[in-house]
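The next block holds one structure in the form of C-alpha cells; read it before the comments.
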Amino acid sequence: MIKDYVKKVFPVILDFSISLDKTSSILDKPWVSVGNENEREKFIFKKSHELIISKEGKVEIGRWEFLEEAHSFLINRESGKFLYNQGFLDKAVLILKVDGKEHEFLTLANENVLSDLDVKGYLEKLRYRKHNILKVELEDSSFIEIEREYDVTFPIVGNRVTLTGGQPAPPGRYRLKNDAQILEVAKGKIIAILQLQQYNYNNRLIEIEQQDPEDISEGDIVIVNGLSPIEGVYLLSKRRYISVQNGKVVSIGFRKHVRNWIIAGILFAAMFLLLLYWLLTR
C-alpha cells in the first residue's frame with residue numbers, strides 16, 4: 001500500500017524536496033489523492049487561496065493557507081479544518097504530514113505530470129537516481145538496494161545496503177539470484193563479496209564460498225551436497241583436494257602423483273635456469 005511505502009521512505013526523500021514556501025509550485029495544478037481509488041479527490045489550489053475539491057465530479061469550495069512560521073498548510077473544507085505540516089514537494093508529488101500524527105500523510109500526485117498516479121514507482125525511481133541505487137534480486141526472490149559511490153553495475157565492498165524502502169539491511173549473508181555471488185553485510189554495508197564455486201566429483205557436489213574469486217583460500221566455507229561437511233579430506237578432481245574442519249577449508253593440496261610431477265617441473269626449471277646462467281657467464 002502507498003501509505004506504508006510513504007511511511008518508510010518519507011525521511012529519505014526529504015533531501016530531494018523543494019521548499020513548501022514556494023507555494024506557486026502547487027497553484028492551479030490537478031493534485032489527486034492516491035491510495036484508495038474509491039476515496040480519490042482532486043485538489044486545485046488557487047492563487048486567491050480558494051481550494052477546489054472534486055470527488056467523482058461533485059465539487060466543494062474550501063480555503064487553503066500556508067502558515068509560513070509553522071511551515072504548515074491549513075485547509076478549511078466542509079468536513080472541517082485540517083492542519084498539515086511541511087512534507088515533500090516536487091513537480092509530480094506533494095506529501096503533507098498530518099499534524100500530531102507520526103505516520104499519517106496526505107499524498108497527492110500532479111495528474112498533469114504523473115498521469116498513472118504511480119507515486120510509489122515515481123519515488124522509487126527518484127531515490128535510485130539521486131542515490132545511484134542498484135536494485136538486486138536475491139535467491140529467495142526478495143530484493144535489496146545497494147547504494148553505490150560510483151556509477152558501476154556491480155556491488156563493491158563498502159557499499160551501503162538497504163531493504164526496499166531505505167531501511168538498513170540486517171547483518172547477514174545475501175545470496176544473489178542468477179549470480180554466483182554472496183554479499184556479507186554488517187552495519188548496513190558490504191564487508192565482503194564471496195564467489196560461490198561448485199565442484200562435482202565422484203557424485204558429490206561441493207560448493208565453496210571463495211574469498212578469492214579466482215582460487216580457493218584457507219577459511220573458505222564449504223558445503224557438501226547441501227549440508228555442512230564433517231571433518232576430512234574432499235577430492236575436487238583427480239588431482240586436487242581440500243582438508244575441511246568446522247565447515248571451512250584448512251588446507252589445499254594435490255594428490256601424490258600430481259605433487260611429484262609439480263616438484264619435478266620445478267626442479268627442471270631450476271636446473272634450466274642454472275644452465276642458462278652458466279652459459280651466459282662463461
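Note that this is a predicted model, so its numbers are computed, not measured. Below, all heavy atoms of this structure are taken into account, side chains as well, without hydrogens, waters or symmetry copies.
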Hey, does the side chain of [X] reach the backbone of [Y] with a donor-acceptor pair shorter than 3.5 angstrom?
X: Gln210; Y: Gln197; result: no
X: Asn202; Y: Arg204; result: no
X: Asn110; Y: Lys91; result: yes
X: Asp90; Y: Ser17; result: no

Do you know the tightest heavy-atom contact between [X] and [Y]?
X: Pro30; Y: Ile44; result: CA-CG1, 4.3 Å
X: Ile193; Y: Pro155; result: CD1-O, 3.4 Å
X: Ile191; Y: Ala186; result: CD1-CB, 3.9 Å
X: Arg40; Y: Ser33; result: CG-O, 3.2 Å
X: Ile252; Y: Glu218; result: CD1-N, 4.1 Å
X: Val249; Y: Ser217; result: CB-O, 3.7 Å

Is any side-chain heavy atom of [X] less than 4.5 Å from a side-chain heavy atom of [Y]?
X: Val222; Y: Tyr234; result: no
X: Ile52; Y: Ile61; result: yes
X: Glu124; Y: Tyr5; result: yes
X: Val98; Y: Tyr84; result: yes
X: Leu183; Y: Asn159; result: no
X: Asp179; Y: Gln181; result: yes
X: Val59; Y: Ile53; result: no

Do the side chains of [X] and [Y] join up, straight or via other hydrophobic residues, at under 4.5 Å, putting them in one cluster?
X: Phe105; Y: Leu123; answer: yes
X: Leu114; Y: Val34; answer: yes
X: Trp31; Y: Val6; answer: no
X: Leu14; Y: Ile18; answer: no
X: Ile26; Y: Leu106; answer: yes

Crowded around [X] [atom1]? As in, over 12 foreign heavy atoms under 6.0 Å?
X: Lys29; atom1: NZ; answer: yes
X: Glu68; atom1: CD; answer: no
X: Lys125; atom1: NZ; answer: no
X: Lys135; atom1: NZ; answer: yes

Under a plain distance cut-off of 3.5 Å, with no hydrogens placed, do [Y] and [X] share a side-chain donor-acceptor pair?
X: Asn132; Y: Arg148; answer: yes
X: Gln211; Y: Asp220; answer: yes
X: Glu231; Y: Gln245; answer: no

Hey, could you give me the [atom1]/[atom2] distance between [X] and [Y], rounded to the nearest 0.5 Å?
X: Leu83; Y: Leu74; atom1: CG; atom2: CG; result: 6.0 Å
X: Ile95; Y: Asn85; atom1: CD1; atom2: CG; result: 14.0 Å
X: Ile206; Y: Gln198; atom1: CD1; atom2: CD; result: 11.0 Å
X: Ile146; Y: Lys189; atom1: CD1; atom2: NZ; result: 14.0 Å
X: Leu138; Y: Leu176; atom1: CG; atom2: CG; result: 6.5 Å
X: Arg63; Y: Asn76; atom1: CZ; atom2: CG; result: 9.0 Å

Testing Leu194, Ile221, Val244, Ile242 for side-chain contact (heavy atoms from CB on, under 4.5 Å) with Ile208, which one passes?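 Output: one option passes, namely Ile242.
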
Can you run down the salt bridge (Lys or Arg N to Asp or Glu O under 4.0 Å) pairs that involve residues 152-170, sequence neighbours left out, and say none if there aren't any?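 Found Glu147-Arg160.
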
Decide yes or no on side chain to side chain contact (heavy atoms under 4.5 Å, CB included) for Phe88 and Leu126, but give the supporting numbers first. CA-CA 13 Å; Phe88 173 85; Leu126 180 66; 3.9 Å; yes

Under a 4.0 Å N-O cut-off, is there an ion pair linking Glu41 with Arg77?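 Yes, charged N to carboxylate O under 4.0 Å.
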
Charged N to carboxylate O below 4.0 Å: is that the case for Arg240 and Asp215?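 Yes, charged N to carboxylate O under 4.0 Å.
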
Students often mix this up, so state it plainly: with edges at 30° and 60°, are the rings of Phe45 and Trp64 parallel, tilted or perpendicular?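 It falls in the perpendicular class, over 60°.
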
For Phe66 and His71, take the angle between the two ring planes, folded into 0 to 90°, and tell me which bin it lands in: parallel under 30, tilted 30 to 60, perpendicular over 60.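 Perpendicular: the ring planes of Phe66 and His71 meet at over 60°.
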
